[in-house]
Peer 1: 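Before I ask anything, let me first share the structure, which is written out below as structure tokens.
Only heavy atoms go into these numbers, but all of them, side chains included; no hydrogens, no water, no symmetry mates. Chain letters run A, B, ... following the sequence lines, proteins first, then strands; residues in each count from 1. Only a predicted model underlies this, so the values are computations on that prediction, with no experimental measurement involved.
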2 protein chains.
Amino acid sequence: MTATPPGLRERKKQATREALREAALRLAVERGPDRVRVEDIAEAAGVSPRTYNNYFASREQAIVSAVTADREARIAAAVAARTADVRLADAVTEAVVEQYTNTGERAHEALLLITTRPALRDAFLDTTAGIEPPLAAVIAERLDDTGAHTARVLAASVAAAVRIALETWLRPTGDADTAGTLVVPSGPLPDQLRTALAPLAPAFDAAEQRTQT
Amino acid sequence: MTATPPGLRERKKQATREALREAALRLAVERGPDRVRVEDIAEAAGVSPRTYNNYFASREQAIVSAVTADREARIAAAVAARTADVRLADAVTEAVVEQYTNTGERAHEALLLITTRPALRDAFLDTTAGIEPPLAAVIAERLDDTGAHTARVLAASVAAAVRIALETWLRPTGDADTAGTLVVPSGPLPDQLRTALAPLAPAFDAAEQRTQT
DNA sequence: CAGGAAAGATGCGTGCACGCAAGTTTGCGT
DNA sequence: ACGCAAACTTGCGTGCACGCATCTTTCCTG
């Protein structure tokens with residue numbers, strides 16, 4: 001299908017995107033998020049400020065995207081990896097939990113920074129919307145193509161639930177001045193995610209039921 | 001509870017907000033959305049441009065809010081009006097359909113304009129997120145307070161579904177130059193809404209079941 | 001391999017969002 | 001009725017997002 005080897009153009013684009021992500025995160029960590037201007041990020045990545053905005057629509061997006069990276073694709077893949085003998089609801093839940101707990105070392109450092117500034121926090125939460133399209137695709141695959149509409153709604157609901165889980169997880173953040181304490185805010189993230197996704201299970205079961213008939 | 005009579009301060013604030021909404025929509029209709037600057041809206045409403053931004057975080061929000069107004073509250077009320085003898089899922093669905101089809105005459109004219117400009121279209125779709133909090137509240141009321149978490153997730157899912165319904169409804173919009181033709185883009189909106197909300201019904205039933213035990 | 005088309009990078013200009021620090025109005029206790 | 005405190009408005013300054021026109025790079029086709 002999409003087996004065409006990348007091509008120089010595309011590779012350069014990804015390299016630039018990567019460089020911007022990297023530069024944004026590094027600078028934000030180094031001097032604090034407020035003291036990084038778009039101009040600085042662009043310069044550090046070796047492109048013009050205008051080009052920066054061809055890749056990211058806001059200053060926050062670049063920083064956040066260094067952490068979230070290709071999480072959307074990985075979630076979709078993780079769902080697809082679960083064979084049809086596990087309930088769809090479980091497959092999705094486990095895939096989500098898996099991908100949100102596998103945050104690398106660097107992500108931890110960055111998350112402290114992100115949860116501090118409201119603007120970054122919001123941008124981070126907004127990334128959950130991005131998991132909808134790929135999720136909808138894999139769900140639709142399991143639902144027979146009669147349920148394409150249903151798949152989309154379920155995927156969007158999952159995205160919404162994940163957002164809520166992250167919100168409540170980040171809730172009681174208050175202090176953290178310069179260095180920041182290494183506290184895990186609310187309950188453990190996996191629990192929050194499972195709790196938030198649980199109410200949707202019946203909807204998944206019903207949808208799945210209808211295709212297995 | 002909140003029985004304190006408004007008070008002058010609060011009334012003035014609402015008046016200003018109203019004036020801004022009104023001015024924004026009127027000007028946008030009169031000369032087209034692109035030829036309205038924040039400065040113009042502020043002037044028409046008799047406040048400074050800076051004050052405008054104390055009420056609305058973006059130019060689009062003011063225009064859109066003239067149409068969406070207090071839809072959130074009305075949806076919540078419409079759900080609350082349904083007594084406990086109808087399924088929660090149905091109550092919510094009907095309440096949503098009811099409130100989204102009762103668009104006044106003026107809304108129709110405005111909607112044409114909104115669907116034209118991508119920025120406005122996005123702002124309009126973003127308003128669906130606003131129905132979550134009040135919806136969560138009324139749902140929680142029906143679910144016994146053990147399910148506050150569940151209520152929030154369900155409300156967010158409904159918001160997501162409504163958004164999808166609106167998106168697919170607005171999909172094939174292309175023309176509309178000056179006056180605009182009065183075509184209903186896709187299928188009728190109520191159908192889109194019902195279709196989008198249907199997959200969530202099992203989740204509502206399950207939640208409702210658990211409290212009736 | 002030549003040459004043109006398509007995609008991307010860049011500079012410039014405009015309007016916008018928002019923090020901050022006054023100035024002004026409203027509300028309330030005495 | 002007075003006056004203070006809190007809420008709101010406003011002007012200013014900064015950085016930002018993005019449309020448009022132009023120049024450069026990559027790609028494809030003959």
Side-chain angles (χ1 to χ4, degrees), chain A residues 2-21 23-25 27-28 31-65 116-123 126-127, chain B residues 2-21 23-25 27-28 31-65 116-123 126-127:
Chain A
T2 324
T4 314
L8 177 58
R9 230 212 204 53
E10 194 58 26
R11 262 179 299 135
K12 265 199 174 179
K13 237 171 70 172
Q14 290 312 325
T16 301
R17 168 169 267 108
E18 180 72 16
L20 284 171
R21 269 205 271 257
L25 180 55
L27 290 177
R31 25 172 138 158
D34 295 341
R35 301 189 204 196
V36 184
R37 284 165 315 183
V38 164
E39 189 187 337
D40 303 329
I41 301 175
E43 189 185 15
V47 297
S48 80
R50 184 62 184 83
T51 295
Y52 171 92
N53 273 301
N54 287 343
Y55 284 87
F56 298 98
S58 81
R59 203 183 82 247
E60 291 76 22
Q61 266 185 30
I63 301 176
V64 164
S65 98
T116 302
R117 309 289 172 186
L120 285 180
R121 200 190 59 103
D122 290 349
D126 282 346
T127 61
Chain B
T2 323
T4 314
L8 177 56
R9 205 59 129 238
E10 193 58 26
R11 263 180 296 134
K12 265 199 174 179
K13 239 172 67 169
Q14 291 310 324
T16 301
R17 169 170 266 108
E18 181 71 16
L20 284 170
R21 270 205 270 258
L25 180 56
L27 290 177
R31 26 171 136 159
D34 295 341
R35 300 188 207 197
V36 184
R37 285 165 315 180
V38 164
E39 189 187 336
D40 303 329
I41 301 174
E43 189 185 14
V47 297
S48 80
R50 184 61 183 85
T51 295
Y52 172 91
N53 274 298
N54 288 343
Y55 285 86
F56 297 99
S58 82
R59 205 182 82 248
E60 291 77 22
Q61 266 186 28
I63 302 176
V64 164
S65 97
T116 301
R117 308 291 172 184
L120 285 179
R121 198 190 59 103
D122 290 349
D126 281 348
T127 61

Peer 1: Provide the closest heavy-atom pair for B/Ser65 versus B/Phe56 in the form atom of the first, atom of the second, distance.
Peer 2: OG-CE2, 3.5 Å
Peer 1: Given the rule in the side-chain contact (heavy atoms from CB on, under 4.5 Å) test, do B/Leu20 and B/Arg17 qualify, once you have shown the distances and angles that lead to the verdict?
Peer 2: CA-CA 5 Å; B/Leu20 284 170; B/Arg17 169 170 266 108; 5.8 Å; no
Peer 1: Using every non-hydrogen atom in the two residues, find where B/Val64 and B/Ala123 come nearest and quote the distance to one decimal.
Peer 2: CG2-CB, 3.9 Å
Peer 1: So, under a plain 3.5 Å distance rule, would you say the side chain of A/Arg50 forms a donor-acceptor pair with the base of D/dG19?
Peer 2: yes
Peer 1: In Å and rounded to the nearest 0.5 Å, what is the CD to CD distance from A/Gln14 to A/Glu18?
Peer 2: 8.5 Å
Peer 1: Let me spell it out: for each of A/Tyr55 and B/Asn53, pick the nucleotide of DNA chain C with the closest heavy atom. Which residue's pick is nearer the 5' end?
Peer 2: A/Tyr55
Peer 1: Does A/Lys12 have a side-chain nitrogen or oxygen under 4.0 Å from the phosphate oxygens OP1 or OP2 of D/dT25?
Peer 2: no
Peer 1: Can you tell me if the side-chain N/O atoms of A/Lys13 get under 4.0 Å from OP1 or OP2 in C/dA7?
Peer 2: no
Peer 1: To the side chain of B/Ala57, which of C/dC18, C/dA7, C/dA17 is closest?
Peer 2: C/dC18
Peer 1: Taking CD from B/Glu43 and P from D/dG11, how many angstroms apart are they, rounded to a whole number?
Peer 2: 12 Å
Peer 1: Could you give the CZ-to-C1' distance, from B/Arg59 to D/dA17, as a whole number of Å?
Peer 2: 12 Å
Peer 1: Between D/dG15 atom C1' and A/Arg37 atom CZ, what is the distance in whole Å?
Peer 2: 8 Å
Peer 1: Rounded off to whole Å, could you give me the CZ-to-P distance for the A/Phe56 and D/dG15 pair?
Peer 2: 22 Å
Peer 1: Any side-chain N or O of A/Ser48 less than 4.0 Å from the OP1 or OP2 oxygen of C/dA9?
Peer 2: no
Peer 1: Without decimals, in angstroms, what is the distance between B/Glu39 CD and C/dC18 P?
Peer 2: 18 Å
Peer 1: Please report the distance, rounded to the nearest Å, between CG in B/Asp34 and P in C/dT14.
Peer 2: 17 Å
Peer 1: Once you round it to whole Å, what is the distance between P of C/dC18 and CG of A/Asp122?
Peer 2: 11 Å
Peer 1: Using the rule side chain to side chain contact (heavy atoms under 4.5 Å, CB included), only one of B/Asp126, B/Leu120, B/Asp122 pairs with B/Glu60; which is it?
Peer 2: B/Leu120
Peer 1: Examine C/dT10: is either OP1 or OP2 under 4.0 Å from a nitrogen or oxygen in the side chain of A/Tyr52? Give yes or no.
Peer 2: no
Peer 1: So if I take every side-chain heavy atom of B/Thr51 and compare against D/dT9, C/dG19, C/dT26, which nucleotide ends up nearest?
Peer 2: D/dT9
Peer 1: What is the distance, rounded to the nearest whole Å, between atom CD of B/Glu10 and atom C1' of D/dA7?
Peer 2: 11 Å
